[in-house]
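Shown next, in structure tokens, is the structure this report addresses.
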Amino acid sequence: MARVFSNVDLLLVPSLRDEMLVITNSTGHPSLTLRAGFVEVAEARSDWAPDPKNPLPSSPRRGRVPHGVTLIGKLFDEGTVASAGLALERSFDVAKQRPSGF
């Protein structure tokens, strides 16, 4: 990770992917996950490899679900991650959106 961060200030990665969770949990690099928008889905989603014996459930109705991104920063540099996260949150303009009924 020191080699990666010698060239960049932070990483923008898909949220809650196992590869990045292993890295941040093992190294202590700060991370911030934030809502970036919404996607329409008709079935449950998973980042894990599908198991043919236990397929994910599907639904005849499509649902609008939040979609997020994760920022990962240099060790002991939470400020850069927080600043970038605030800027992205303002730019995405989805933080105040709520599902109906909430």
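One-based numbering along the sequence shown.
Between M1 atom CE and S6 atom OG the span is 11.0 Å, to the nearest 0.5 Å. Note that CZ of R35 and CG of D93 are 10.5 Å apart. Values are rounded to the nearest 0.5 Å. Atom NZ of K96 sits about 9.5 Å away from atom CD of E89, to the nearest 0.5 Å. Taking CG of L10 as the start and OG of S31 as the end, the distance is 11.5 Å to the nearest 0.5 Å. In this structure, OG1 in T33 is found 8.0 Å from CD1 in I72, a value given to the nearest 0.5 Å. Annotation: the span from T24 atom OG1 to H29 atom NE2 amounts to 9.5 Å, rounded to 0.5 Å.
Follow the hydrophobic side-chain contacts under 4.5 Å out from V8 and you reach I23 in the same cluster.
Listed by chain and residue number, K74 satisfy the salt bridge (charged side-chain N to carboxylate O under 4.0 Å, His left out) test with D9 (two or more places apart in sequence, or in another chain). Annotation: ring pair (Phe, Tyr, Trp, His ring centres under 6.0 Å) contacts of F38 (sequence neighbours excluded): none.
Two residues are said to be in side-chain contact when any heavy atoms from C-beta on lie closer than 4.5 Å; V69 and V13 fail this criterion. At a threshold of 4.5 Å between non-hydrogen side-chain atoms, the residues D77 and F5 do not count as touching.
Judged purely by atom type and a 3.5 angstrom limit, R90 has no side-chain atom pairing as donor or acceptor with the backbone of G85. Looking only at distances, a side-chain donor or acceptor of S26 sits under 3.5 Å from a matching main-chain atom of V22.
In the hydrophobic clustering (ILVMFWY side chains linked at under 4.5 Å, chained through shared members), L75 is joined by F76.
Evaluated for a side chain to side chain contact (heavy atoms under 4.5 Å, CB included) with V81, the options L11, L71, T70 yield exactly one hit, L71.
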